[in-house]
Engineer: 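The structure's right below; bear with me while I get my questions together.
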Amino acid sequence: MSEDFLKRLGWFALFFLAQVIVLGRIHLFHYATPLLYVYFVTMFPRNHAKWAVLVWSFLLGLTIDIFSNTPGLAAASLTVIAAIQPYYLELYVPRDSADNLQPALKTLGPVKYSYYIIPLVLLYCLLFFSLEMFTFFNILYWLLCVVGSTALTLVLIFTVEIGKGR
C-alpha cells in the first residue's frame, strides 16, 4: 500500500471518529454544529485523481451518515463539494506551482486559503441544512444553522491548520 493511501486512511478515521464521538454531539445554542469532516475534502492535493476524491468523500459521508442518523445528507453534500474542489482549487494555485501542492494555510497563504476554504464550507453547510430541513418554512432557523455551523467549522479548520503549521 502506498504511503499516501495510508495517510489518507488515517485522516479518514480521525475525522470520522472525531465527528461521531465528539463533534456530532455539540449543538451550540441548538444551531451551530461543528462539521470538521469537510476539511478532509479540502485537503486533497492538486494532482489527486478526481474520481478518487469523489470516492473518498462519498465513503466518509456515508460512514458519518450511518453513525449519525442523517440518511444520505453528509454523503450527498460531501460528494458535491468533492466534485467542485479540484476545479475550485485551480483558481487559487499559481500555474507554475508543484503538481502535488496540497492546499493549506502555509502553502497558499492566509488570504488565498481563506478565499478557498470559506466558500467550500459555506456551500457544504447550505447543502447539508437545506437537505436536512427540506423546507424553507422556518427560514430564520435554517439561516442560523448555516451561519453558526459554518463559523464553528471554520474556527476548527483554522485551528487545525495553525496547529499543523507548527
Side-chain angles (χ1 to χ4, degrees), residues 7-8 10-45 53-54 56-86 88-89 91-92 102-166:
K7 186 190 291 187
R8 195 141 329 270
W11 279 110
F12 183 97
L14 178 73
F15 286 123
F16 165 71
L17 291 173
Q19 186 65 36
V20 171
I21 295 173
V22 180
L23 299 175
R25 302 186 190 289
I26 298 172
H27 304 290
L28 291 178
F29 310 111
H30 300 288
Y31 299 115
T33 303
L35 305 167
L36 184 61
Y37 57 89
V38 178
Y39 180 54
F40 179 76
V41 178
T42 66
M43 290 173 36
F44 282 98
V53 177
L54 286 169
W56 277 107
S57 301
F58 175 76
L59 289 176
L60 178 61
L62 185 64
T63 54
I64 287 174
D65 283 335
I66 290 170
F67 289 93
S68 298
N69 197 21
T70 55
L73 298 178
S77 302
L78 270 184
T79 305
V80 169
I81 298 302
I84 294 169
Q85 185 267 347
Y88 190 66
L89 176 61
L91 296 174
Y92 299 102
Q102 183 168 354
L105 194 60
K106 189 168 36 172
T107 58
L108 293 178
V111 174
K112 281 187 178 181
Y113 187 72
S114 297
Y115 287 152
Y116 167 71
I117 199 77
I118 291 171
L120 285 176
V121 173
L122 179 63
L123 179 62
Y124 178 80
C125 290
L126 279 168
L127 289 169
F128 184 85
F129 289 107
S130 296
L131 289 173
E132 182 182 46
M133 293 179 190
F134 210 68
T135 181
F136 292 108
F137 181 70
N138 194 351
I139 193 96
L140 183 62
Y141 178 72
W142 173 80
L143 191 60
L144 287 170
C145 287
V146 169
V147 171
S149 295
T150 301
L152 193 56
T153 303
L154 286 170
V155 166
L156 287 175
I157 288 173
F158 279 107
T159 304
V160 170
E161 274 295 317
I162 290 170
K164 274 179 30 179
R166 291 184 177 190

Engineer: If the plane angle is over 60° it's perpendicular, under 30° parallel, otherwise tilted; pick one for Phe158 and Tyr113.
Structural biologist: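 Perpendicular, since the angle between the ring planes exceeds 60°.
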Engineer: Quick check: closest heavy atoms across Phe44 and Trp56, and the distance to 0.1 Å?
Structural biologist: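 Shortest heavy-atom separation between Phe44 and Trp56 comes out as CZ-CB, 3.6 Å.
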Engineer: Between Thr63 and Leu59, is any pair of side-chain heavy atoms under 4.5 Å apart?
Structural biologist: no
Engineer: Kindly indicate whether the side chain of Glu132, heavy atoms from C-beta on, has any atom under 4.5 Å from the side chain of Cys145.
Structural biologist: no
Engineer: Closest heavy-atom contact between Ala75 and Asp65?
Structural biologist: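 Of all heavy-atom pairs spanning Ala75 and Asp65, the closest is N-OD2, 2.9 Å.
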Engineer: Counting distance only, does the side-chain N/O of Thr150 pair as donor-acceptor with the main-chain N or O of Leu122 below 3.5 Å?
Structural biologist: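 Checked: no pair found.
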Engineer: As a test of understanding, state which of Tyr124, Phe12, Phe16 forms a side-chain contact (heavy atoms from CB on, under 4.5 Å) with Tyr37.
Structural biologist: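 Among the candidates, only Tyr124 passes.
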Engineer: Run the numbers on Thr79 and Leu54 for side-chain contact (heavy atoms from CB on, under 4.5 Å), then give the verdict.
Structural biologist: CA-CA 6 Å; Thr79 305; Leu54 286 169; 4.0 Å; yes
Engineer: Would you mind reporting whether Phe128 and Ser149 have side-chain heavy atoms less than 4.5 Å apart?
Structural biologist: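 Side chain of Ser149 against side chain of Phe128, heavy atoms only: no contact under 4.5 Å found.
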Engineer: State, yes or no, whether a side-chain contact exists between Cys125 and Leu35 at a heavy-atom distance under 4.5 Å.
Structural biologist: yes
Engineer: Would you mind reporting whether Leu140 and Asn138 have side-chain heavy atoms less than 4.5 Å apart?
Structural biologist: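 Yes. Closest side-chain heavy atoms under 4.5 Å.
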Engineer: Hey, what do you get for CG (Leu60) to CG (Leu78), rounding to the nearest 0.5 Å?
Structural biologist: 5.5 Å
Engineer: Only counting residues at least two apart or in another chain, list the ones meeting ring-ring contact (aromatic ring centres under 6.0 Å, His included) with Phe58.
Structural biologist: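 ring-ring contact (aromatic ring centres under 6.0 Å, His included) check on Phe58 returns nothing, list empty.
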Engineer: Measure the spacing between OH of Tyr39 and CD1 of Ile117 and express it to the nearest 0.5 Å.
Structural biologist: 7.5 Å
Engineer: Which value, rounded to the nearest 0.5 Å, describes the distance between Tyr92 atom OH and Thr107 atom OG1?
Structural biologist: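 Answer rounded to 0.5 Å: 14.0 Å.
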Engineer: Is a side-chain donor or acceptor of Tyr116 paired with a backbone partner of Thr42 at a separation under 3.5 angstrom?
Structural biologist: yes
Engineer: Nearest 0.5 angstrom please: His27 NE2 to Leu152 CG, how far?
Structural biologist: 11.0 Å
Engineer: Keeping the roles fixed (side chain from Gln102, backbone from Met43), state whether a donor-acceptor pair exists under 3.5 Å.
Structural biologist: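 Yes, Gln102 side chain to Met43 backbone: donor-acceptor pair under 3.5 Å.
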Engineer: State, to 0.1 Å, how close Ala82 and Pro86 come at their nearest heavy-atom pair, and which atoms those are.
Structural biologist: O-CD, 3.1 Å
Engineer: Do you know the tightest heavy-atom contact between Gln85 and Leu120?
Structural biologist: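 Nearest heavy atoms, Gln85 then Leu120: CG-CD1, 4.4 Å.
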Engineer: Compare every heavy atom of Pro34 with every heavy atom of Leu156, then report the nearest pair and how far apart it is.
Structural biologist: CD1-CB, 3.3 Å
Engineer: In Å, rounded to the nearest 0.5 Å, how long is the span from CG of Leu126 to CG of Leu143?
Structural biologist: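 Between atom CG of Leu126 and atom CG of Leu143 there are 9.0 Å.
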Engineer: Could you tell me the separation between the OH atom of Tyr88 and the OH atom of Tyr115, rounded to the nearest 0.5 Å?
Structural biologist: 10.0 Å
Engineer: Would you say the side chain of Ser114 lies within less than 4.5 Å of the side chain of Ile118, judging by non-hydrogen atoms?
Structural biologist: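 Counting from C-beta outward, Ile118 and Ser114 do come under 4.5 Å.
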Engineer: Looking only at non-hydrogen atoms, find the nearest pair between Thr70 and Ile64 and report the distance.
Structural biologist: OG1-O, 4.3 Å
Engineer: Side-chain contact test, heavy atoms from C-beta onward, threshold under 4.5 Å: evaluate it for Leu36 versus Ile157 and give yes or no.
Structural biologist: yes
